[in-house]
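For the single chain, residues carry numbers from 1 onward in sequence order.
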Amino acid sequence: MATSSQSSVELGSHEVKDYICNACEDQNNVETSADFYCKQCERFYCGNCIDPHGKVFAKHTTFGRVEIDKWPVSKKVVDFLQTCDVHKDHKIDQFCNLHKQLCCPQCVFDQHSQCSKVTQISELTNSQPTGLEGLSVELETVMGEIKTLQISQEASIQSLQRTYKEHREVMIEQMCGNLNTYIDECDNNSVSTSGGNEQYLKEEMCRSVLSIVNEFDNITAKELNEMKDEVISIKGSVTSTIHKCTSLHNDLSQLLEIVKKTGDNKELCLIASIKCKHVIQQAYTLLGKSGKVFKVQGKSEYNVRIPSDCHTCDISGICVLPDGQVLVVDCNNLNVKLLNQQNQVVSHWDVYALPSDICLITPSEVAVAVNISNIHEVQFITVNQGKLVPGRKFQLQHECTGITHHQGDLFVTSGQELYKYSLNGKLICSLYGDRSGDYTVDRCAVSPTGDRLYITNWHNDKLLTLARDGTLLATYSDPALEGPSGLHVTPAGQVLVCGGWSHTVLQVGWEGESKLATLATRKDGVLRPWSVCYSSTTSSIIVGQQWDNIRVFRVE
């Protein structure tokens, strides 16, 4: 029987090799890539060895690589498909329908002995369609999307580096401008200064110059360090995503080749199909296109009122840090509160103006949109050892009702327009506008890959989905979405939106075209939900409302 192996490519922790020439292996003990397969001999030959074979067996039927679909499945491919990922010495022969997992006998013994739906692979081959042809198309499509995402991520790193460089140059330019202004003032004053005061003027000038330089060191250098830390943190996250893209692209590419070589072996086709679907689902999650619908398993409430609060809490924004700590924006009491993993308030920071929304910048830093009369700004806050520490801020020339962030890009809504800013406060562009009424562009959220933006139109009870450049892709409306307010996209791309006046929390498809589930209503204790956020740490949806309690819904 022919044996074969594959050129050096890794799929996960498995090395899958292409076909090698059996003649070279037998005669010289070397691995040479095979170019032909002989049906009668059931052996593989390279370009050099096929000629001697043809002279001896002139009537044998051989197939070159252009007819590779007529070659048998490689033994290495068979081994890869059948070998259990966890127990390398065992073969996959069962499937757990409950957990949707391929199993070997040891897997069943260790983890699935209590599962009621564990079936032999051989029993599933006739009832389970493999759909390998469709999978091939899907694999190729997802591979292209993953590659596009990787290119986008690499561009984000370059953009981040430019942002920091520009901010540094602006800060230095401002310091030089302050020095030049002061020197000009000194020159003007020196015209009318008598000789006896020249020494005093020089000393005063030196003191003032030193003061300006010290101010640069103490304030501007702090801002630069803050932004440098942000860039380093975001760059690390982006780099991690790029590595995931590379790994998944390789896995998808090799699975595509394997799918083409499984032939008509039904068991192998079924195993390949299941493995393909698993990796494709991983790719969709990375692309922010998870189709998983949340199911609420339990609910609870937590009081966020503190002694210094003068009014009923009105939680207009929620942000969850990777370590499970939660920040809530209380626009009624003009403060930002830090909650620990048990949802207890452990720290707060009083804002001098109305805080309307909040978003995550790095694992320990957030940005808060602040509004009052003619003051509109973005305030950065760092969480340091259970305390909220205010950092730099920048001014806006418009109101800011919503804010979200993606890899160095800040998206801010004004109530009628969606703007894109850099981290240093530089206005990049206006992406979308609707001046037909108040709060037609109210809250905003961004997909994990940054290719889709979501905004709520409170005035017309709609959820809008935009492309990266602001092009309108979809519009969604629903009687259960009256007064759309809170808006959030999970790391897997699930879209959550609140109906403030309908007292609902909905999950909408990532395309922004249909409702997938009603997750909570007034019957669940939800009252005027103005904000929503998903916590990966606790697998829960946190709802902020016009009340002293936040609602937490445990989901799966």
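Between Q282 atom CD and T285 atom OG1 the span is 7.5 Å, to the nearest 0.5 Å. In this structure, CG in L487 is found 6.0 Å from CG in L463, a value given to the nearest 0.5 Å. Between L418 atom CG and D434 atom CG the span is 12.0 Å, to the nearest 0.5 Å. One distance of note links CD of Q297 with OG of S540; it measures 12.5 Å at 0.5 Å rounding. Residue C533 holds its SG atom at 13.0 Å from CD1 of I315, rounded to the nearest 0.5 Å. Note that the NZ atom of K292 and the CG atom of L516 stand 13.0 Å from one another [nearest 0.5 Å].
Side chain to side chain, Q82 and E267 fail the donor-acceptor criterion of an N or O pair below 3.5 Å. With 3.5 Å as the limit, one finds a donor-acceptor pair spanning the side chains of T471 and D469. Residues H99 and Q111 bring no donor and acceptor atom of their side chains to less than 3.5 Å of each other. For the residue pair N335 and D309, a side-chain donor N or O sits within less than 3.5 Å of a side-chain acceptor on the partner. Side chains of T413 and T401: a donor-acceptor N/O pair is present below 3.5 angstrom, by distance only.
S414 is not listed as a side-chain neighbour of V441, based on a closest heavy-atom distance of 4.5 Å or more. Y421 has its side chain within reach of L396: a pair of non-hydrogen atoms, C-beta onward, lies under 4.5 Å apart. S136 has its side chain within reach of L256: a pair of non-hydrogen atoms, C-beta onward, lies under 4.5 Å apart. Contact of the I361 side chain with the C359 side chain is registered, since non-hydrogen atoms from C-beta on lie closer than 4.5 Å. K337 places none of its side-chain heavy atoms less than 4.5 Å from the side chain of W349. L124 is listed as a side-chain neighbour of L270, based on a closest heavy-atom distance under 4.5 Å. H278 is not listed as a side-chain neighbour of L255, based on a closest heavy-atom distance of 4.5 Å or more. Using a 4.5 Å cut-off on side-chain heavy atoms (C-beta onward), N333 and C313 make contact.
The main-chain N or O of K117 is found under 3.5 Å from a side-chain atom of N97 such that the two form a donor-acceptor pair. The closest donor-acceptor contact from the side chain of S316 to the backbone of P355 lies under 3.5 Å. Checked by atom type and distance alone, the side chain of K515 never pairs as donor or acceptor with a backbone atom of D478 at under 3.5 Å. Remark: side-chain polar atoms of S273 are not paired, donor with acceptor, to backbone N or O of C269 under 3.5 angstrom. With hydrogens and angles ignored, the 3.5 Å screen pairs a side-chain donor or acceptor of T521 with a backbone N or O of K523. Side chain of Q153 to main chain of T241: no donor-acceptor pair is present (N/O by atom type, distance under 3.5 Å, no hydrogens or angles). For the pair R452 (side chain) and L473 (backbone), a donor-acceptor distance under 3.5 Å is absent. Put simply, the side chain of H503 never gets that close to the backbone of L527: no donor and acceptor are under 3.5 Å apart. Between the side chain of T504 and the backbone N or O of A480, at least one donor-acceptor pair lies under 3.5 Å. Side chain of D461 to main chain of E482: no donor-acceptor pair is present (N/O by atom type, distance under 3.5 Å, no hydrogens or angles).
Note: H90 and H87 have perpendicular aromatic rings, judged against thresholds of 30 and 60 degrees for the angle between ring planes.
Contact detail for L519 and D524: the closest heavy-atom pair is O-OD2, 4.4 Å. The shortest heavy-atom contact between I146 and C245 is CG2-O, 3.4 Å. Annotation for L248 and A283: closest pair CD1-CA, 3.7 Å, computed over non-hydrogen atoms. The two atoms that bring Y476 and E513 nearest to each other are CD1-O, 3.6 Å, heavy atoms only. A pairwise comparison of heavy atoms in D314 and D330 identifies N-OD1, 3.1 Å as the closest pair. Here the closest heavy-atom approach between residue G408 and residue L160 is recorded as CA-CD2, 3.6 Å.
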Give the C-alpha distance, both sets of side-chain angles, the deciding distance and a yes or no for ring-ring contact (aromatic ring centres under 6.0 Å, His included) between Y534 and F294. CA-CA 11 Å; Y534 173 72; F294 285 125; 5.1 Å; yes
Before giving the answer on side-chain contact (heavy atoms from CB on, under 4.5 Å), spell out for K299 and R554 the whole-Å C-alpha distance, their side-chain angles and the decisive distance to 0.1 Å.
CA-CA 6 Å; K299 59 184 178 181; R554 183 171 53 83; over 6 Å; no
Check the pair H249, K147 against side-chain contact (heavy atoms from CB on, under 4.5 Å), reporting the backbone distance first and the verdict last.
CA-CA 7 Å; H249 191 276; K147 192 64 180 178; 4.2 Å; yes
message: Working note: H376 + N371, criterion side chain to side chain donor-acceptor pair (under 3.5 Å); need CA distance, chi angles, decisive distance, verdict.
response: CA-CA 5 Å; H376 317 295; N371 269 309; 2.6 Å; yes
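Remark: K275 is positioned above the aromatic ring of F80, its terminal NZ or CZ atom under 6.0 angstrom from the ring centre and at most 45 degrees off the axis.
No more than 12 heavy-atom neighbours from other residues, nucleotides or ligands sit within 6.0 angstrom of NZ on K228. The 12-atom threshold is not exceeded at CD of Q114, counting heavy atoms of other residues, nucleotides or ligands nearer than 6.0 Å.
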